[in-house]
Each structure stands twice: as structure tokens, then as C-alpha cells.
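It should be emphasised that the depicted structure is a prediction, and the values quoted were computed from it without experimental measurement.
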Amino acid sequence: MNESLLHYLWQFQYFDKRDLKTTVGEALNILKPGILNSDSGPDFSQVKVKIDNIDWVGNVEIHVQSSGWYEHKHDQDHAYENVVLHVVWEENKPVYRNDGTRIPTLQLKDRVEEHIIKSYQKLINNPNSVPCEKSFPAVDELVKHSMIDKALMQRLESKAKQISALLNQNKGDWEETTYQLLATNFGFKINKEPFLQLAKSLPYKLIQKHRDQLTQVEALLFGQAGFLVAKSKDEYLTILFNEYQFLGKKYDLINNQLHVAQWKFLRLRPANFPTIRLAQFATLLATHENIFSSMLELRDYKSLVGFFDIQPSTYWHNHYRFGKKSKSLVSGFGEASRDIIVINTVVPLLVAYGQSRDDWSLVDRAVHILQSIPAEKNRITKLWQNLGNACNTAFDSQGLIELYNNYCQRRECLNCAIGSSLLRPNVEIS
């Protein structure tokens, strides 16, 4: 037994309520189980119970054993003075308020169906990636959809908080924050950290000063990234080297430049090499004067496709790395890459900015964009599709990724509408 299961049992009242009594024999009637508290303080608030014909309104605190009250030092916390009922699996020690009165206690040990406990243990101990894998197809479709929607909104909220934290570091500058976020996502999974370091060491205002000259933007990015350390027989590389030597000294950048060893090429397809991504990023920055303001003006997915229609400078049409000419034409910025950037940059930016201005039309726009983007294809979405769950748009795939990562992998079945629906009385888990 654990407290999470006890929370679930109390929240949904899945225990025998016939002839309820406290552990000292007082008649107990639960009028309102209250609201689960996800913050500090007692576990449930706004509870209403009747004990020996006296109505009590307050909080409920839950522990596996009643002695947990003292182990968690609730007796020293004034927030727990208004606990009207202590719900425990087992009372192993009486609990008293600071005024000496005994806190009424309900023991659930003999009031819960063994079936529910076994079903819960079966779920959380299941070795499959999705604990309810075998029972999932039988779950009501409405329950599935509502949980996926909830997971999606939690994912957007989490990303919006990360953006807000970055915004605070940038003293409220949305353009600088967007630039850093965009840089991070141009690094994708493998090179996101060096991309972010690069953006933080090379302020966006410097890029804006030189955006009318793509060569200078490239020189700033490649130089600060550590790729321009010496002259070469390669004419393009030498031009960038000379430009960076001048600009780097002018803006005092050189002492903060990254080392080329920080960039990862191993096990990446050439189209994903950081050199290619930097060239694409340079083109995007040189094309749009203010990237955040420009993104806000884009109303739908179709306009975003045009915004990210990136063609890097000619050199990168037949090179993947400096000084090494490719035998074939280098592929451009692909649709899948573009969609990942939109999902991880534009969508959460709209949510974060909408929340900051209390403009929920921007959040609606973000959701609409997700519903217009084809679903991502990866091992997680494939897993859900194998379980019979349709995954047609990025709205679906983002929700399912969040559901898998933050519920299935953590065995948070009790906080998942799908999992909790399988733990109801008289429901059999496959």
C-alpha cells in the first residue's frame, strides 16, 4: 500500500462506506470528499463530514500509517490545524492536535476490495512500456481522448514555463528569447546544448546589425561556434575567417567562442550535421528582421511553411563540412525538420506569450497549428498506433508523447484517466 493509492481510493470513494466509524467508534458520514491538493498542505481541501451528528468542514490528510503524521512533522505545521479527518490504511498510533484533542481517524484496511489492490499492483509492476497495454484497446474512446488532450495541455504548459524562465534570464526580451529557443531547436536532440551556448554568447542584436549581409551573419555564427580557427585554401572558409576576425574583435566575442569539439557529427546523417544546421539558421536570421514579431504575424501552418522555406548560401548546396565537397547535391531543410521546429518553437512561444498577455486566442492558434501538422513518426507514436490509437496530427502525437513519458514511464496510472478507469470496482485488467 502507498499514499498515491490511498489518495485515489479516497478521491473516488472506492471503499465500503457501510456503517462507517472512526477508530474510536464515532459514527462517520462523508458528505463531500473534497478537492485534491497538488500544492503543500493537507491532501484534500473543502471536505465536509458528519461525525456523531456534528458537521465538520475542513481538510483531510492521508497516510499509510497514522504515525506518518508525526514523521512528516504535521504536528509542527499550523497548515494542518484544520484537518477534520485523518484517513489511513492502518492506525498504529493515535494522533492529537496541539490543543490535545484527538484527530478523528478513518482506517481503510478492512474496507477496500482486494481486487482493486491487485489490479493496481498488476499495473505498476507490468514490464511493458505501457502498463495497461493489454487492456488499453477496451478503454472507452472518450476517456482516451480526454486524457490525451490533458497530456497535451500539460506538455504545452511545461514548455511555456521553460520559455518564461528563459525570458526572465533575458530581462523580458522576447526577440532574444525567441532567438535562443530557435537556436536550441536547430540543434535538435544531439546538438541542442552547443546551439544554446552559441546563441547566449552571440547576442541577437549583433545578428540584427548585420542581417543585410548573409556572409557576415554566417561568419558570426560559424566563428563563434569555433569552426573558423585558421585560414584555408577553401576560398569561402577564408572569407568567413577574415570577417569573423574583424567582427569578433570589434564586439569582443573571440574569448567566448565555443570549441569545435563541442559539436557532434558522429552517427548523424550528413543533412543533420551542425554545419548544415548553422548555415540554415544563418539564412533564416538574415531573412527576417525580427523573428519573434515575424512569427506572431503568422496565422496558420501554411504561412509557417513559407517562413521556414530555407535555402542556405550556395556553398552549402554541395558541402556538408568545410573544405569537403559532396559528391551529390545537399538536401535542403526538410519538411520533418521544419515541423519539429514549429512544434518546439512557434507553438510553445504562442502559448507562453498568450499566457503573459492573458490572450487565449494565441493559445487557440497554437493548438490549431498542431492540428494542421502531420503527426510525428517515432518509436513512441508507433507504439501507440500498434495499440490501436490513431495518431493523425501533431496534436495527437504531442499528447501521446507526453502521456508516455510522464505517465506510462513513471507508472503514474492513478493520475491517468485511462489507468484510473481500469482500477474501478468490477473492472478486470487483462
Side-chain angles (χ1 to χ4, degrees), residues 179-199 201-202 207 214-241 243-244 257-287 304-346 373-382 394 397:
Y179 162 66
Q180 292 177 6
L181 179 66
L182 192 58
T184 303
N185 291 324
F186 257 81
F188 295 82
K189 286 185 178 181
I190 304 300
N191 284 297
K192 62 189 301 184
E193 287 303 323
F195 251 105
L196 177 58
Q197 289 180 44
L198 169 62
S201 70
L202 178 62
I207 297 290
L214 177 57
T215 300
Q216 292 182 347
V217 174
E218 289 178 327
L220 284 167
L221 287 170
F222 281 113
Q224 199 63 17
F227 286 101
L228 307 178
V229 294
K231 292 184 178 181
S232 166
K233 293 180 180 179
D234 187 306
E235 182 181 357
Y236 170 75
L237 176 57
T238 299
I239 291 172
L240 295 188
F241 174 83
E243 285 283 3
Y244 180 71
Q257 67 183 141
L258 280 69
H259 193 280
V260 68
Q262 292 178 249
W263 300 94
K264 296 178 177 64
F265 289 82
L266 190 63
R267 288 189 289 274
L268 283 179
R269 292 188 302 109
N272 292 328
F273 280 0
T275 42
I276 296 296
R277 295 305 186 197
L278 281 167
Q280 294 166 345
F281 189 46
T283 299
L284 183 68
L285 295 177
T287 303
L304 284 165
V305 170
F307 184 85
F308 287 102
D309 184 12
I310 302 169
Q311 289 295 329
S313 57
T314 305
Y315 182 85
W316 297 105
H317 293 181
N318 54 16
H319 288 79
Y320 287 110
R321 303 182 72 159
F322 284 107
K324 295 182 179 180
K325 195 168 184 178
S326 171
K327 295 179 181 179
S328 58
L329 187 67
V330 175
S331 57
F333 197 58
E335 294 179 5
S337 297
R338 176 199 65 213
D339 289 345
I340 290 173
I341 295 291
V342 172
I343 290 169
N344 292 321
T345 305
V346 181
I373 301 174
E376 299 145 276
K377 294 180 180 180
N378 52 47
R379 64 177 184 83
I380 296 177
T381 57
K382 184 178 180 180
S397 57

If you round to the nearest 0.5 Å, how far is [atom2] of [Y] from [atom1] of [X]?
{"X": "Leu220", "Y": "Leu240", "atom1": "CG", "atom2": "CG", "answer": "10.0 Å"}
{"X": "Asn185", "Y": "Leu196", "atom1": "CG", "atom2": "CG", "answer": "10.0 Å"}
{"X": "Ser328", "Y": "Asn318", "atom1": "OG", "atom2": "CG", "answer": "9.5 Å"}
{"X": "Glu376", "Y": "Asp339", "atom1": "CD", "atom2": "CG", "answer": "8.5 Å"}
{"X": "Ile190", "Y": "Arg277", "atom1": "CD1", "atom2": "CZ", "answer": "12.0 Å"}
{"X": "Leu285", "Y": "Leu221", "atom1": "CG", "atom2": "CG", "answer": "6.0 Å"}

Identify the heavy atoms of [X] and [Y] that sit nearest to each other, and give their distance.
{"X": "Pro270", "Y": "Ile276", "answer": "O-CG1, 3.7 Å"}
{"X": "Leu214", "Y": "Ser313", "answer": "CD2-CB, 3.9 Å"}
{"X": "Leu258", "Y": "Ser201", "answer": "CD1-OG, 4.0 Å"}
{"X": "Val217", "Y": "Ala282", "answer": "CG1-O, 3.8 Å"}
{"X": "Glu243", "Y": "Thr215", "answer": "CG-CG2, 4.4 Å"}
{"X": "Ala375", "Y": "Ser397", "answer": "CA-OG, 3.9 Å"}

>> Holding to ring-ring contact (aromatic ring centres under 6.0 Å, His included), I want the full list of residues that pass it with Phe307, two or more places apart in sequence or in another chain.
In response: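 Only His288 meet the ring-ring contact (aromatic ring centres under 6.0 Å, His included) criterion with Phe307.
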> When Glu218 is tested against each of Tyr236, Tyr244, Tyr315 for side-chain hydrogen bond (donor to acceptor under 3.5 Å, both in side chains), which residue passes?
Replying inline: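 With Glu218 as partner, Tyr236, Tyr244, Tyr315 yield a single side-chain hydrogen bond (donor to acceptor under 3.5 Å, both in side chains), made by Tyr236.
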>> Arg338 and side chain to side chain contact (heavy atoms under 4.5 Å, CB included): which single residue from Val305, Asp309, Ile310, Leu304 fits?
In response: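 Between Arg338 and the candidates, side chain to side chain contact (heavy atoms under 4.5 Å, CB included) is satisfied uniquely by Val305.
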Is the backbone N or O of [Y] less than 3.5 Å from a side-chain atom of [X], with the two atoms forming a donor-acceptor pair by type?
{"X": "Thr345", "Y": "Ile341", "value": "yes"}
{"X": "Gln280", "Y": "Gln311", "value": "no"}
{"X": "Asp234", "Y": "Leu237", "value": "yes"}
{"X": "Asn272", "Y": "Leu268", "value": "no"}
{"X": "His317", "Y": "Pro312", "value": "yes"}
{"X": "His259", "Y": "Ala261", "value": "yes"}

>> Test ring-ring contact (aromatic ring centres under 6.0 Å, His included) on Trp316 and Phe273; report intermediate values, then the result.
In response: CA-CA 11 Å; Trp316 297 105; Phe273 280 0; over 10 Å; no
> So, do Phe241 and Phe222 have ring centers that fall under 6.0 Å from each other?
Replying inline: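 Distance test on ring centres: not under 6.0 Å, no.
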> Where do Thr287 and Phe308 land on the side chain to side chain contact (heavy atoms under 4.5 Å, CB included) test, with the steps shown first?
Replying inline: CA-CA 10 Å; Thr287 303; Phe308 287 102; over 6 Å; no
>> Quick one, Lys377 and Lys382 - any side-chain contact, counting heavy atoms below 4.5 Å?
In response: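 SC-SC contact between Lys377 and Lys382 ruled out.
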> Do the ring planes of Phe195 and Phe186 sit parallel (below 30°), tilted (30 to 60°) or perpendicular (above 60°)?
Replying inline: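 It falls in the tilted class, 30° to 60°.
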>> Show, in sequence, the C-alpha distance, side-chain angles and deciding distance for Leu284 and Leu182, and conclude whether the side chain to side chain contact (heavy atoms under 4.5 Å, CB included) test is met.
In response: CA-CA 10 Å; Leu284 183 68; Leu182 192 58; 3.4 Å; yes
